[in-house]
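Worksheet for the structure shown next.
Only a predicted model underlies this, so the values are computations on that prediction, with no experimental measurement involved. FYI, side chains are in, hydrogens and waters are out, and symmetry mates aren't considered; it's all heavy atoms of this structure. Below, chain A is the first sequence line, B the second, and so on; all start at residue 1.
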Amino acid sequence: MSILRTLKDRFRPVLAELVGEADVEKVLDLIRPAQDARFGDYQANMAMPLGKQLGRPPREVAAHIAQRLQLDDLCEAPTIAGPGFINLRLRGAVLAERLQAAAGDARLAVPPAPQPRTYVVDYSAPNVAKPMHVGHIRSTVIGDALCRVLRHLGHRVESDNHLGDWGTQFGMILYGYKHFLDAAAYAENPVAELSRLYRHVRGLMEEREEVGKFVLEETAKLHAGDPENRRLWREFMPVCLAEIDRMYDRLGVRFDHTLGESFYQDRLAGLVDELVRRGLARRSDGAVAVFLEGHKTPMLVQKQDGAFLYATTDLATIRYRMDTFHPDAILYVVDHRQSLHFDQLFAVARKLGYRDVELTHVRFGTVLGEDGRPFRTREGDIVGLESLLDEAVRRAGEVVAANDEAKPGGPELSADRRRGVAETVGIGALKYADLAQNRTSDYVFSFDKMLAMNGNTGAYMQYAYARVRSIFRKGNVDRAALAPSGAAIRLETPEERALGLQLLRLGEALDLVLADYRPNQLTAYLFELAGRFTAFYEKHPVLKAQPDALRQSRLLLCDLTARTIRQGLALLGIDVVEQM
RNA sequence: GUCCCCGUAGCUCAAUUGGAUAGAGCGUCGGCCUCCGGAGCCGAAGGUUACAGGUUCGAAUCCUGUCGGGGAUACCA
């Protein structure tokens with residue numbers, strides 16, 4: 001049980017008397033970590049709104065609540081401040097006892113969600129016919145982190161990569177394959193040749209209008225079951241998928257399901273029929289459209305020429321997921337530019353009868369270059385994902401080498417180790433930079449910033465971890481024997497106390513992540529933890545601490561810090577290294 | 001035209017969803033190393049939260065309007 005949940009349990013009966021059982025949970029949400037350490041550890045802010053509601057002075061309400069609370073075993077006497085804030089300061093013994101429990105717990109005392117739910121998480125979803133690029137990073141990384149956090153809290157998660165494997169982009173490479181194939185290049189490296197064909201055809205479409213028509217014809221033939229196009233599709237898919245999987249391997253991302261658009265293609269006609277039959281959709285200008293209240297334009301589910309659209313596929317996908325997984329929530333980790341599409345999609349899903357499921361568009365902003373424009377190469381091309389990863393790792397290699405050279409006792413890492421560390425640091429930096437940002441804002445991409453050893457970066461967090469671990473190496477301390485030794489944790493200084501309290505708050509941070517699907521709540525927590533550790537470490541000797549009981553206590557705090565950082569980063573999909 | 005998102009320190013971003021004196025990093029200025037990893041620590045300067053109203057005990061956050069930026073907007077995904 002987290003501290004916050006324990007406090008809520010204590011407030012619940014008192015508040016229930018005041019507002020009734022029905023409203024009590026909402027009021028309990030006003031118990032928060034203190035905004036400022038001077039006010040204590042937690043604060044309860046409900047006296048002000050309740051004062052209004054009950055027609056009594058808020059400070060009087062606060063006093064009433066404080067008086068009736070049974071908190072003596074947990075907190076020092078509550079104080080009332082300002083207009084009616086109830087400030088709470090936990091007893092040191094309570095913190096120590098809980099840290100002790102966390103030290104002996106593989107989950108670091110993070111409680112599972114009280115009500116586990118089933119989530120379908122839809123993320124990454126690259127177009128199979130095009131190389132993955134910088135635009136796929138955010139969806140992939142944010143979606144993966146959300147899955148990890150959900151699972152860790154005991155939710156059931158079905159992650160699904162909804163590949164774009166059936167759309168116009170396939171018509172483009174089919175058309176390109178038939179007219180512009182370099183057979184030798186295709187034999188040598190099919191994916192590179194297909195992506196060249198894709199770019200070539202895209203260029204042609206801009207120059208000559210009729211090319212677009214040919215491309216649509218190839219797409220239509222594929223959809224209609226033309227044997228040649230189907231054969232080519234089956235030929236292209238495995239090599240494209242292998243290429244994509246290589247990226248996921250490197251990123252450490254896995255999916256439970258990879259059900260692309262093609263998986264749903266034979267379900268579309270029936271779905272459109274049903275929409276029409278139930279009076280939800282009707283013909284309009286030759287297309288089939290669902291008109292929605294509050295939307296000026298309808299959602300089209302079938303074109304004049306009979307072809308289906310991604311809205312149709314997405315609806316069929318919702319139906320399949322509901323029938324197969326029976327989820328409580330479906331999350332779509334997708335670019336904010338598709339907001340309108342999802343508004344309409346969700347509205348139509350409700351009309352189809354899917355009312356009890358949470359449908360959330362977890363939207364995120366665009367990746368920008370340092371000039372504030374969408375991130376491109378100097379030549380104006382979209383940056384490929386692989387070259388992005390390579391460059392991050394290359395630069396991380398420079399950072400790692402410089403750091404190793406500068407060590408007081410001389411370099412510690414072999415060339416081989418350095419390479420491994422660079423990969424971990426480079427990929428970690430890329431992910432962390434993305435996750436640390438509030439996902440709704442556009443994100444300015446900068447290698448220099450994301451690999452900085454100062455500030456809220458992946459490299460800084462990995463460094464913080466390696467530093468803590470080095471204490472154990474240097475002191476020749478077996479951390480595995482530490483927790484079971486039963487050594488008591490002592491929180492006698494402000495720095496020890498502040499660190500200890502933060503260590504107990506990982507669970508709160510994870511709850512915040514899920515409250516609005518924002519992984520930056522976890523990075524913020526980790527950065528704060530690293531800061532508190534540094535303050536502690538700066539001021540207090542650990543290996544040289546006397547007497548031995550104090551040394552043991554501080555070693556436990558160090559070990560908990562390392563484990564918490566490692567766990568937190570793992571939930572973001574980021575690895576740590578023991579030395580860097 | 002209509003709808004959506006955004007506007008916070010010189011720069012890049014936070015702010016637990018309406019809480020107390022709006023916080024970090026970078027940059028600037030000033031301090032601190034015979035001591036466990038100094039890519040560190042301590043301190044200072046820097047804000048009318050775009051602007052104007054409103055709502056209330058309390059507003060960066062909610063409402064209205066204005067200005068500025070981005071996105072979407074009937075047969076791509």
Side-chain angles (χ1 to χ4, degrees), chain A residues 29-30 32-36 38-39 43 45 48-49 51-52 57-58 81-85 87 125 127 164 166-169 171 212 216 219 261 284-289 294-305 307-311 313-314 335-341 343 363 365-366 368 370 372 399 402-403 406-409 412 436-438 440-444 446 448-449 452-457 459-460 463 466-468 470-475 508-509 511-512 515-516 518 520-521 523-525 527-528 531 534-535 537-545 558 579-580:
Chain A
D29 279 340
L30 292 171
R32 310 265 168 84
Q35 296 277 325
D36 188 315
R38 285 195 312 268
F39 303 136
Q43 59 183 62
N45 302 340
M48 286 80 81
K52 184 92 180 169
F85 296 102
N87 289 330
N127 276 318
W166 201 245
T168 310
Q169 75 278 12
L216 286 181
T219 312
E261 294 167 339
S284 171
D285 291 346
V288 181
H295 289 279
K296 198 175 160 195
T297 53
M299 187 175 86
L300 298 189
V301 292
Q302 190 169 17
K303 306 199 298 185
Q304 281 180 355
D305 65 6
F308 303 106
L309 295 112
Y310 78 138
T313 311
D314 279 358
D335 202 302
H336 74 279
R337 285 174 294 195
Q338 295 195 35
S339 295
L340 175 60
H341 166 68
D343 284 350
R363 71 189 71 184
T366 310
L368 304 176
E370 291 185 73
V399 171
N403 187 52
K407 281 175 185 162
E412 297 170 349
Q437 189 124 199
N438 185 329
T440 55
S441 15
D442 287 345
Y443 149 44
V444 176
S446 160
D448 287 336
K449 285 206 173 95
M453 296 292 288
N454 294 338
N456 192 9
T457 69
Y460 175 81
Y463 182 63
R467 270 176 61 191
V468 182
S470 82
I471 297 168
F472 287 81
R473 234 184 351 266
K474 180 145 295 189
E508 286 174 23
D511 286 343
L512 283 175
D516 204 19
R518 282 176 16 191
N520 71 311
Q521 296 286 359
T523 61
Y525 166 83
F527 186 57
E528 175 73 22
T534 310
Y537 185 64
E538 191 75 19
K539 207 153 179 182
H540 305 308
V542 175
L543 292 172
K544 295 173 190 161
C558 289
Q579 289 171 278
M580 64 184 275

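- With B:A20, B:G37, B:A77 as the candidates, the nucleotide lying closest to the side chain of A:Asn87 is B:A20.
- Using a 4.0 Å heavy-atom cutoff across all strands shown, A:Gln35 reaches at least one base atom of the nucleic acid.
- Look at A:Asn456 and you won't find any side-chain N or O under 4.0 angstrom from OP1 or OP2 of B:A14.
- Across the protein-nucleic acid pair, A:Leu340 atom CG and B:C76 atom P stand 16 Å apart, rounded to whole Å.
- With hydrogens and angles disregarded, a donor-acceptor distance shorter than 3.5 Å links the side chain of A:Gln169 to the backbone of A:Gly164.
- Nucleic acid contact for A:Thr534: sugar-phosphate only, since backbone atoms but no base atoms lie under 4.0 Å from a heavy atom of the residue.
- One interatomic measurement links the two molecules: OH of A:Tyr463 to P of B:G38, which rounds to 6 Å at whole-angstrom precision.
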Polar atom pairs (N or O), protein with nucleotides 1-9 of chain B, under 3.5 Å:
| residue | atom | partner | partner atom | Å |
| --- | --- | --- | --- | --- |
| B:G1 | N2 | A:Lys296 | NZ | 2.9 |

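- Contact annotation for A:Val444: backbone-only contact, meaning every heavy-atom pair under 4.0 Å involves sugar-phosphate atoms and none involves a base.
- Around the NZ atom of A:Lys407, the shell of radius 6.0 Å holds more than 12 heavy atoms that belong to other residues, nucleotides or ligands.
- Nearest nucleotide to the side chain of A:Lys52, out of B:U56, B:A20, B:A77: B:U56.
- Within 4.0 Å of A:Asp442, counting heavy atoms only, lie sugar-phosphate atoms of the nucleic acid but no base atom.
- With B:A14, B:C57, B:G37 as the choices, the nucleotide that has an atom nearest any side-chain atom of A:Ser470 turns out to be B:G37.
- Distance from the side chain of A:Leu216 is smallest to B:C76 among B:C36, B:A39, B:C76.
- Comparing B:A77, B:A72, B:A15 by their closest approach to the side chain of A:Leu309 singles out B:A77.
- Counting heavy atoms from C-beta on, the side chains of A:Phe308 and A:Gln302 come closer than 4.5 Å.
- Relative orientation of the A:Tyr310 and A:His341 rings is parallel, given thresholds of 30° and 60° on the angle between their planes.
- The side chain of A:Pro83 has B:G19 as its nearest neighbour among B:U12, B:A39, B:G19.
- Separation of atoms OG1 (A:Thr440) and NE2 (A:His336) is listed at 10.0 Å; rounding is to 0.5 Å.
- Note on A:Pro541: a base of the nucleic acid sits closer than 4.0 angstrom, heavy atoms only.
- Going from the C1' atom of B:C29 to that of B:C67 covers 36 Å, rounded to whole Å.
- Under the 3.5 Å distance criterion, the side-chain polar atoms of A:Asp305 are matched with a main-chain donor or acceptor of A:Ala307.
- A:Phe85 does not qualify as a stacking partner of the B:G19 base, lacking a centre-to-centre distance under 5.5 Å together with planes within 30°.
- Looking at heavy-atom distances under 4.0 Å, A:Phe527 makes contact with sugar-phosphate atoms alone, never a base.
- A gap of 13 Å separates the P atoms of B:A14 and B:A9, to the nearest Å.
- Close to B:G25, at under 4.0 Å from its OP1 or OP2, lies no side-chain N or O of A:Lys449.
- One atom, CG of A:Asp335, and another, C1' of B:A72, lie 11 Å apart when rounded to the nearest Å.
- Using a 4.0 Å heavy-atom cutoff across all strands shown, A:Ala509 reaches no nucleic acid atom at all.
- The side-chain ring of A:Tyr537 is stacked on the base of B:C36, judged by centre separation under 5.5 angstrom and plane angle under 30 degrees.
- Atom CD of A:Glu538 is separated from atom P of B:C41 by 7 Å (rounded to the nearest Å).
- Comparing atom distances between the A:Pro33 side chain and each of B:U16, B:C35, B:U73 picks out B:U16 as nearest.
- Using C1' as the reference atom, B:U66 and B:G7 are 14 Å apart when rounded to the nearest Å.
- Atom CZ of A:Arg518 is separated from atom P of B:U16 by 7 Å (rounded to the nearest Å).
- Across all strands shown, A:Val288 has no heavy atoms under 4.0 Å from either base or sugar-phosphate atoms.
- Both thresholds, 5.5 Å between centres and 30° between ring planes, are met by A:Phe39 relative to the base of B:A20, so the two rings are stacked.
- Nearest nucleotide to the side chain of A:Leu300, out of B:G37, B:U73, B:A74: B:A74.
- Rounded to the nearest Å, the gap between the P atom of B:G58 and that of B:U2 is 35 Å.
- Counting non-hydrogen atoms under 4.0 angstrom, A:Ala524 reaches nothing in the nucleic acid.
- What separates CG of A:Asn438 from P of B:U16 is a distance of 10 Å, to the nearest Å.
- When each of B:A74, B:A39, B:U16 is scored by its nearest atom to the side-chain atoms of A:Ala289, the top-ranked nucleotide is B:A74.
- Taking atom CD of residue A:Gln43 and atom C1' of nucleotide B:G18, one finds them 13 Å apart after rounding to whole Å.
- A:Leu309 places none of its side-chain heavy atoms less than 4.5 Å from the side chain of A:Met299.
- Nucleotide B:A44 forms a pair with B:U28, judged by Watson-Crick or G-U wobble geometry with both contacts under 3.5 Å.
- A close approach under 4.0 Å does not occur between any side-chain nitrogen or oxygen of A:Asn520 and OP1 or OP2 of B:C13.
- Among the nucleotides B:C36, B:G19, B:A77, the one closest to the side chain of A:Leu543 is B:C36.
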